[in-house]
**Q** 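Here you go, one structure.
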Amino acid sequence: MMSVKFRKLALIGIGLIGSSIALAARRQGLAEMIAISTRKSETLEEARALNLGDIYTLDAAEAVRGADLVILCAPVGAYEAIAKAIAPALEPGAILSDVGSVKAHVVKVVGPHVPAGVSFIPGHPIAGTEHSGPSAGFAELFAGRWCILTPQPDVPQAQTEKLAAFWEGMGSDVEIMEAGHHDMVLAITSHIPHLIAYNIVGTADDLETVTKSEVIKFSAGGFRDFTRIAASDPVMWRDVFLTNREAVLEMLGRFLEDLSVLQRAVDSGDGPALESIFTRTRAIRRSIISAGQETAAPDFGRPHEAPPAPAAPLFVREHGGGDDA
Ligand SMILES: NC(=O)C1=CN([C@@H]2O[C@H](COP(=O)(O)OP(=O)(O)OC[C@H]3O[C@@H](n4cnc5c(N)ncnc54)[C@H](O)[C@@H]3O)[C@@H](O)[C@H]2O)C=CC1
Ligand SMILES: O=C(O)C(=O)Cc1ccc(O)cc1
């Protein structure tokens with residue numbers, strides 16, 4: 001594994017992800033100096049009290065001046081304004097990256113502001129929690145987790161390798177992907193699951209026939225898991241759904257079709273259909289576990305192998321189903 005040390009790492013935004021990068025980069029000796037910039041002075045003071053960096057400033061351009069690695073760690077909706085503000089201060093030879101949960105939008109709004117000679121390599125660590133803010137971070141967050149990089153066409157290979165070495169230094173495995181494809185993959189594996197969690201917790205809260213105290217008192221494991229996800233940061237997730245609209249709507253369409261298959265099976269008392277769907281999904285969960293991807297409790301050190309893809313579509317839709325339905 002290639003080892004790397006950046007001269008000055010600038011983190012713009014210092015919540016869960018920014019603070020985890022600061023802690024991991026310092027622990028692993030991946031940067032000589034860490035500059036931190038936030039929008040609000042309270043957050044900056046919180047970061048200073050936690051001793052997350054070496055330089056603290058409310059001026060993002062000042063943070064990136066002289067930096068050879070700049071990582072945007074704010075909600076995606078703030079990126080365009082940040083890109084405009086830092087563009088004149090970015091040094092030739094620097095790497096500009098980010099950690100946002102969507103990628104095509106980031107390429108679209110940040111890309112036009114990137115000066116010549118700066119390598120723009122958007123990224124996304126597939127690691128997080130439902131907590132937010134500078135005190136939520138921890139150095140082990142990225143260990144054993146994937147980080148997806150989406151290098152832009154004219155970026156020198158050596159720069160991508162340097163950024164990959166940085167993430168590997170924090171314990172991640174790196175995969176290179178095209179931004180639009182990333183957004184499709186994450187829409188189904190992360191964005192739709194969050195939407196479902198926000199919805200089910202809201203629905204349960206709105207019921208008249210079942211009281212709030214009954215929901216709390218009798219919430220079984222499944223519902224509790226949903227409430228954890230539904231506690232995720234509202235601003236960050238608002239921005240995910242505003243900026244990955246197309247991929248989310250495409251996957252949501254598929255999801256709703258499959259949900260109506262289940263609805264019909266319940267309505268008509270079709271036991272064999274229900275059992276067959278549940279048998280397939282149980283096998284998928286077991287294949288993920290046997291590949292070492294998931295454990296019963298959160299485990300930040302687990303390895304990750306892609307689970308085998310199911311051989312056939314899980315749901316048979318009325319119009320015949322199939323991958324391109
Ligand atoms: N929370 C998670 O589990 C994961 C989040 N991400 C991505 O990481 C990014 C940051 O997320 P978190 O650290 O979880 O959020 P967070 O809410 O913990 O932190 C965001 C930080 O950004 C800064 N900020 C907020 N608004 C800003 C603005 N308008 N201009 C400049 N700075 C601003 C503040 O310092 C704030 O503390 C997001 O783009 C998100 O999509 C990626 C992987 C996992
Ligand atoms: O807390 C959880 O279960 C998550 O799903 C964390 C997460 C949230 C957003 C991302 O873009 C990546 C990972």
Side-chain angles (χ1 to χ4, degrees), residues 10-23 36-48 50 52-53 56-61 63-64 70-86 97-103 105-106 109-110 122-138 141-142 145-148 167 170 172 182-183 185-198 224-244 247-248 293-295 297-300 302 304:
L11 299 171
I12 312 302
I14 194 80
L16 166 74
I17 302 297
S19 62
S20 297
I21 294 176
L23 293 168
I36 291 170
S37 179
T38 64
R39 181 184 46 144
K40 292 191 191 154
S41 53
E42 302 95 272
T43 318
L44 196 65
E45 290 320 309
E46 209 181 328
R48 197 196 301 272
L50 291 161
L52 294 174
Y56 302 88
T57 172
L58 291 172
D59 181 353
V64 314
V70 176
I71 309 182
L72 309 185
C73 303
V76 171
Y79 276 19
E80 189 168 10
I82 295 172
K84 276 186 196 155
I86 65 173
S97 189
D98 81 305
V99 293
S101 304
V102 306
K103 295 274 66 82
H105 174 85
V106 170
V109 300
V110 176
H124 180 199
I126 314 300
T129 72
E130 70 279 22
H131 302 299
S132 50
S135 60
F138 51 102
L141 178 61
F142 309 112
R145 300 306 190 111
W146 289 108
C147 180
I148 297 172
W167 282 100
M170 296 193 290
S172 294
H182 164 280
D183 290 352
V185 173
L186 270 290
I188 191 65
T189 57
S190 177
H191 305 168
I192 299 289
H194 276 77
L195 204 65
I196 294 166
Y198 284 125
R224 289 189 81 86
D225 289 349
F226 280 122
T227 62
R228 183 188 75 78
I229 302 282
S232 299
D233 192 78
V235 171
M236 175 200 141
W237 283 98
R238 176 202 66 191
D239 287 357
V240 168
F241 292 108
L242 290 177
T243 59
N244 197 21
V248 165
Q293 253 223 327
E294 187 58 89
T295 55
D299 166 4
F300 295 103
R302 62 189 183 234
H304 33 226

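Atoms within each ligand, like the ligands themselves, are counted from 1 in listed order. As the structure is a prediction and not an experimental result, all values here were calculated from the model.
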**Q** Search all heavy atoms of Pro193 against all heavy atoms of Ile229 and return the closest pair with its distance.
**A** O-CG2, 4.4 Å
**Q** Please state which protein non-hydrogen atom is closest to atom 13 (O) of ligand 1 and give its distance, to 0.1 Å?
**A** Ile17 N, 2.9 Å
**Q** What protein heavy atom is closest to atom 8 (O) of ligand 1, reported as residue, atom name and distance in Å?
**A** Val99 CG2, 3.4 Å
**Q** Looking only at non-hydrogen atoms, find the nearest pair between Gly100 and Tyr79 and report the distance.
**A** N-OH, 3.2 Å
**Q** Answer with side chain, backbone, both or neither: which part of Lys40 has a heavy atom less than 4.0 angstrom from an atom of ligand 1?
**A** neither
**Q** What is the distance from atom CE of Met236 to atom CZ of Phe241, rounded to the nearest 0.5 Å?
**A** 9.0 Å
**Q** Between the side chain of Ser19 and the main-chain N/O of Ile14, is any donor-acceptor distance below 3.5 Å?
**A** no
**Q** Which one holds for Ala127 and ligand 1: side chain close, backbone close, both close, or neither close, with close meaning a heavy atom under 4.0 Å?
**A** backbone
**Q** Got His124 and Trp146 here, is their nearest side-chain heavy-atom distance under 4.5 Å?
**A** no
**Q** Rounded to the nearest 0.5 Å, what's the gap from CG on Asp183 to OG on Ser190? Could you check?
**A** 11.0 Å
**Q** Give the residue, atom name and distance (to 0.1 Å) of the protein heavy atom nearest atom 4 (C) of ligand 2.
**A** His194 CE1, 4.0 Å
**Q** Tell me the contacting part of Ile229 for ligand 2: side chain, backbone, both, or neither, using a 4.0 Å heavy-atom threshold, strictly below.
**A** side chain
**Q** Indicate yes or no: does an N/O atom of Trp237 lie under 3.5 Å from an N/O atom of ligand 2?
**A** no
**Q** To the nearest 0.1 Å, how far is atom 34 (C) of ligand 1 from its closest protein heavy atom, and which atom is that?
**A** Ile14 N, 4.1 Å
**Q** Short list, please: which atoms of ligand 1 are under 4.0 Å from a heavy atom of His124?
**A** 42 (C), 43 (C)
**Q** With atom 25 (C) of ligand 1 as the reference point, say which of Gly18, Pro75, Gly13 has the nearest heavy atom.
**A** Pro75
**Q** Mind checking the CD1-NE2 spacing from Ile196 to His191? Nearest 0.5 Å is all I need.
**A** 13.0 Å
**Q** Work out which heavy atom in Ile17 is nearest to a heavy atom in Phe142; give both atom names and the distance.
**A** O-CZ, 4.0 Å
**Q** Of all the non-hydrogen atoms in the protein, which one sits nearest to atom 17 (O) of ligand 1, and at what distance?
**A** Ser132 CB, 3.6 Å
**Q** I need the atoms of ligand 1 closer than 4.0 Å to a non-hydrogen atom of Thr38, numbered in the order shown.
**A** 35 (O)
**Q** Is Met236 touching ligand 2 with its side chain, its backbone, both, or neither, if touching means heavy atoms under 4.0 Å apart?
**A** side chain
**Q** Can you tell me how far apart CG (Leu16) and OG1 (Thr129) are? Round to the nearest 0.5 Å.
**A** 4.5 Å
**Q** Quick one: closest heavy-atom pair of Cys73 and Leu11, and the distance?
**A** SG-CD2, 4.1 Å
**Q** Identify, for atom 41 (O) of ligand 1, the protein heavy atom at the shortest distance, and state residue, atom and that distance.
**A** Ser101 OG, 2.7 Å
**Q** Is it the case that ligand 2 has an N or O less than 3.5 angstrom from some N or O of Arg228?
**A** yes
**Q** To the nearest 0.5 Å, how far apart are CZ in Arg48 and OH in Tyr56?
**A** 7.0 Å
**Q** Got Leu58 and Ser41 here, is their nearest side-chain heavy-atom distance under 4.5 Å?
**A** yes
**Q** Just how far is it from atom CD1 of Ile36 to atom CD1 of Ile12, taken to the nearest 0.5 Å?
**A** 9.5 Å
**Q** Note the single closest protein heavy atom to atom 10 (C) of ligand 1, along with its residue, its atom name and the distance in Å.
**A** Cys73 O, 3.3 Å
**Q** Would you name the heavy atoms of Leu141 and Ser20 that are closest together and state the gap between them?
**A** CD2-OG, 3.5 Å
**Q** Applying a heavy-atom cut-off of 4.0 Å, say which part of Thr129 lies close to ligand 1: side chain, backbone, both or neither.
**A** backbone
**Q** Which atoms of ligand 1 are found less than 4.0 Å from any heavy atom of Val76?
**A** 39 (O)
**Q** Between ligand 1 and Leu16, is the shortest N or O to N or O distance under 3.5 Å?
**A** yes
**Q** Is the shortest N/O to N/O distance between Thr43 and ligand 1 below 3.5 Å?
**A** no
**Q** Against heavy atoms of Ala78, which atoms of ligand 1 measure under 4.0 Å?
**A** 28 (C), 29 (N), 30 (N)
**Q** How close do Gly77 and Asp239 get, heavy atom to heavy atom, and via which atoms?
**A** N-OD2, 2.9 Å
**Q** Tell me: protein heavy atom nearest atom 26 (N) of ligand 1, and distance?
**A** Arg39 NH2, 3.3 Å
**Q** What atoms of ligand 2 come closer than 4.0 angstrom to any heavy atom of His124?
**A** 10 (C), 11 (O), 12 (C)
**Q** May I ask you to identify the nearest protein heavy atom to atom 33 (C) of ligand 1, giving residue, atom name and distance to one decimal place in Å?
**A** Ala74 CB, 3.7 Å
**Q** Which of the atoms in ligand 1, numbered in the order shown and given with their element, are less than 4.0 Å from a heavy-atom of Pro125?
**A** 43 (C)
